[in-house]
Amino acid sequence: MIGSIGPRLTRAAATASTVPRRLPSLRFSWGSVPLHVEGCRCAASRAVPLTPVAAGAPAATSGAEGACDSQSRRSSTNGIAAVRQMTGGEVIYNMLVEHGVDTVFGYSGGAVLPLLDALHGKDTKFITSAHEQCCGHSAAAYAKSTGKFGVCIVTSGPGITNLVTPLQDALSDGVPMVVFSGQVPTSAMGTDAFQECPATQITRPCTKWNYVCLDFNSLPWAVNEAFRIAMSGRPGPCHIDLPKDIVSMKAQVPDAVFRKASRSPGDAAPMMDMTHIQRAASLINKAKKPVLYVGQGANHCPDILKKVAYKANIPVTTTIHAMGVFDEMDPLSLHMLGMHGSAYANFAIQNSDCIVAVGSRFDDRTTGVMDKYAPKARAAEETGAGGIIHINIDRTTFGKVIRPTVAIWADAEHALTALEPHLDMEDKSARDEWVAQCKTWKEQHPHGYVKPPQSKLKTQMVIEATNNALQKKGLMDSKDVFICTGVGNHQMMACQFIRWRKPRSMISSGSLGVMGAGLPFAIGTQVANPDALTILFDGDGSFNMTSMDLQTIVRYNLPVKIAIMNDAKQQMVAIWQRLFFDGRYISSENVNPDFVKLAQAWGIESVRCETEEDLPAVIEKWLSHNGPMLVDFKVVPDICLPMVAPGKALDEMILLKDREAIFGKSEEELGEMKFEGLAPS
C-alpha cells in the first residue's frame, strides 16, 4: 500500500488515489470518526472519537511519558480512556517514544517545522547534520552499529530528494530506517508549489514501503506500519510523507493511541520446515569439506554460529557486513571472501563440497563468474554428498543468484539452533584434513603489499599499524571499537588488515558503494555508541564529498578519529583505467584542500604523516587523543590485491606475486597482462 502524489493531481484526485483500499477515505467528521479503522494495525482499536479543537487553541505539552497538563486531560465515569489535545506532530513524537526512539537525525525546513516543534524541549536527541544526505547516512550507521531503528526527519522538496542515496543504500544493505519528510499543505499539492515534489513516487523504488498521510486519523497507523515493515523479514527503510496542514492540525487524541499493536518490532519470523533442517544436517554430516559463508543476517547470533562451527569443525568466511560475527583471530576463521577478499577464503569456497550460506545472498562480489562458482559443491550435490545450503529470512533470495540444494526460510538464529543438535560428522579425519588445508592456504597467501621506497607510506601500512596498535593495547577486547570507511581502495584494505572480533563493528556501504558515506557513518556510530572508539578510514575522494559534516563533529564534540588516505586520486577507478583502458586516465585525479588546515579551521586537532618513521608515534597520539582528531596520511597509490577480475572464477585471483605483471614497474609503464571485457563497477 503506497501513497504517492503525482505532480498534477488535484487534491481530491490525490486523496482518492493515495489512501490504501483497506482504509476508508478518512475525513474529519468531528465527534464521529474513530482513530482506528478496520484493517489498521494501530492499537487504538477501541479509541473514542476525536473531538474538534477551536482554531488557534493552544496544544498541550506532551512529554516522553505522555505527560501533559491535567487541564487538557479528560476522562468519564463510563470507562472511556483519557484524551489530550495534540497536534499531528505531537502524535508522531509520542509514537516515536512508544517505539523506543531516543535519537533522531535530520535537517530543518519550513514544511517540516510542525513536526520539529513537537520535539522541542523533549528528551529525544535531535542531531542536526550538515546536509540531508549526511543525516540519512548517520541514521543508517546508528542502525547498523546497534541493530535498532535509524530515524531521520527532513523537509519537503530537496530535503527528501537529498535522501534518495541513503535510502537506496539502506535498502541494498538491509538497514532498518524510518524517514519522515515534510510536504506542502494538501491544498497546494499538485500545484508545483515551492519545495514541492512527488516524494513518495520518488522514494518508492528505494524503500520497502512508503505512504503519504492525507488525514490526521491515519498518523498512528502509518507510524506503526513503517516501524513494523522496516524491521520485518530482511530489514530496510520506510518513508512517511507529511503534509504541513495534517501535522499542524489539532485534535483530542485518546491515550490508547500510543500503545503499539505488538511488543515485537516486526512480524514474527517464519516457521521452519524441519524436513529441510534435517536434510541440511545430513548433507553437512556427510560432507568432507564444508564451509560456512556468513552474511549480516547472522550478526545477531554470533554465539550459536560459533557453537555450530566448533561442533562440526567447519571453517568460516564472511561478507563485508558480517566481519566480526565470527572472531577473526579464531583458527577456523577465513576472514572476508570475494573480489578483494582473502585468497584462502576464495580457495575454500571453490574447493568446498558443502557451502552453508547463513544470512547471505550470494552478492556478485562474493561469487566471481557464476558459471565457474562452487564446482566441488555442485558435483557433491549430484551424488547426495553435499551441495549448497541457503539459510535466509528473505525467501526472494532463493534461486535469485544461486539455486540451492536446500533452502531454509528462517531467521539465522532459529535455523542454526534447530540445526545444531542434528550435527554429527561422519568422517572426522577428513574434516580435520580439510581444516588443515585451509590453514595451509592461510599460511601460503597472507595479505601483503610491496613497501614503497624512501620510507613513504601506503594505505595498507597505515591500516596495518592501526590494527597492531589496537591489538597491542587490548582495545579490541576491552571496549567497543567501530571502524567506518568510505568507498574505494581504503575500504577493501581495511577489510584485509583489520582483524575483526565483534559483529556490527565494520560500518561501510556495501552493495551501493556510496563514496562520501564514511564521515556521516562515523558520526552516527559515535552518537549511537558514545563510549566507543570510532575510527574512520576514508579516501581523499570520499572525504571531499561530505567533508562539510565536520561541523557536526564539532557541534556535538564527537571524539571520532579520522584518517584520510590521501593519494590525490580516485585510485580504484584509476586502476580500472590502467588495466582496461590502456592507461587513458580521465576524471580520476583529485584536487584537494589542505586537510590539516581544513580540520583546524573547525577547531579539530589535526596533523600530517608522510613517513614510516613517524607512523607509530602519530597513530599513538591519534588513538589516545581526548576528542576528535584528523590525520592526513600522504600515501603512495597502489592496487588492492588479491583481486578477482571480471569473468574470472573466485580461485582465478590476481595475487601479490602477479603485481608486476599486471601493474608494471612504474606509474608510466603498463603491465604485460592484458584485460578484456567490462571493467568492474
Side-chain angles (χ1 to χ4, degrees), residues 3 5 10-12 14-16 18-20 23-37 40 42 44 47-62 66 68-69 71-74 81-98 108-120 122 153-156 180-191 193 195-196 199-200 211-226 240-258:
I5 299 298
T10 65
R11 182 183 179 190
T15 302
T18 58
V19 177
L23 289 174
S25 182
L26 296 175
R27 302 280 189 178
F28 262 161
S29 176
W30 297 109
S32 62
V33 179
L35 263 171
H36 179 83
V37 295
C40 289
C42 172
V48 298
L50 296 179
T51 305
V53 177
T61 302
S62 56
C68 66
D69 192 299
Q71 295 300 314
S72 65
R73 281 184 176 272
R74 299 186 304 171
V83 297
R84 45 190 161 135
Q85 181 181 310
M86 287 186 179
T87 65
E90 289 170 324
V91 170
I92 295 170
Y93 164 72
N94 280 275
M95 295 298 293
L96 293 179
V97 171
E98 183 63 33
S108 62
V112 80
L113 287 181
L115 176 54
L116 294 183
D117 185 61
L119 274 66
H120 183 264
K122 306 301 193 302
I153 297 176
V154 296
T155 195
S156 63
F180 297 90
S181 64
Q183 181 58 278
V184 299
T186 53
S187 60
M189 294 173 76
T191 67
Q195 291 195 335
E196 180 193 3
T200 49
Y211 182 75
V212 57
C213 283
L214 297 178
D215 192 284
F216 190 101
N217 289 272
S218 64
L219 288 172
W221 168 81
V223 174
N224 274 342
E225 195 75 349
I240 300 178
D241 199 34
L242 300 165
K244 193 173 183 178
D245 54 331
I246 301 299
V247 186
S248 301
M249 189 179 295
K250 299 174 184 176
Q252 294 291 340
V253 181
D255 281 351
V257 164
F258 305 113

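Basis for what follows: all heavy atoms, side chains included, without hydrogens, waters or symmetry-related copies. Starting from 1, each residue takes its place in the sequence as its number.
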Test side chain to side chain contact (heavy atoms under 4.5 Å, CB included) on Q195 and V184 and set out the steps.
CA-CA 8 Å; Q195 291 195 335; V184 299; 5.6 Å; no
Side chains of V253 and F258: does their closest heavy-atom pair fall under 4.5 Å?
yes
Within-4.5 Å side-chain heavy-atom neighbours: L96 and F180
yes
Please report the shortest heavy-atom distance between S218 and D215, naming the atom on each side.
OG-O, 2.8 Å
Determine whether V212 and M189 make a side-chain contact, defined as any pair of heavy atoms from C-beta on separated by less than 4.5 Å.
yes
Any donor-acceptor pair under 3.5 Å linking the side chain of D245 with the backbone of T186?
yes
For the residue pair G88 and F216, what are the closest heavy atoms and their distance?
N-CE1, 3.3 Å
For residues A199 and Q183, report the shortest heavy-atom separation together with the two atoms involved.
CB-NE2, 4.1 Å
Given 3.5 Å as the limit, does a donor-acceptor pair link the side chain of N94 with the main chain of E90, or not?
yes
What is the distance from atom CD1 of I246 to atom SG of C213, rounded to the nearest 0.5 Å?
8.0 Å
Is any side-chain heavy atom of K122 closer than 4.5 Å to a side-chain heavy atom of Y93?
yes
Please walk me through it: do E98 and V223 pass side chain to side chain contact (heavy atoms under 4.5 Å, CB included)?
CA-CA 10 Å; E98 183 63 33; V223 174; over 6 Å; no
Side-chain donor/acceptor of Q252 to backbone N/O of Q85, under 3.5 Å
yes
Close side-chain approach of M249 and L219, heavy atoms under 4.5 Å:
no
Find out whether V257 and M95 are in side-chain contact, i.e. whether some heavy atom of one side chain is under 4.5 Å from a heavy atom of the other.
yes
For L115, run the side chain to side chain contact (heavy atoms under 4.5 Å, CB included) check against V91, T87, L242 and tell me which one passes.
L242
Please report the closest heavy-atom contact between P114 and G110, naming both atoms and the distance.
CD-O, 4.1 Å
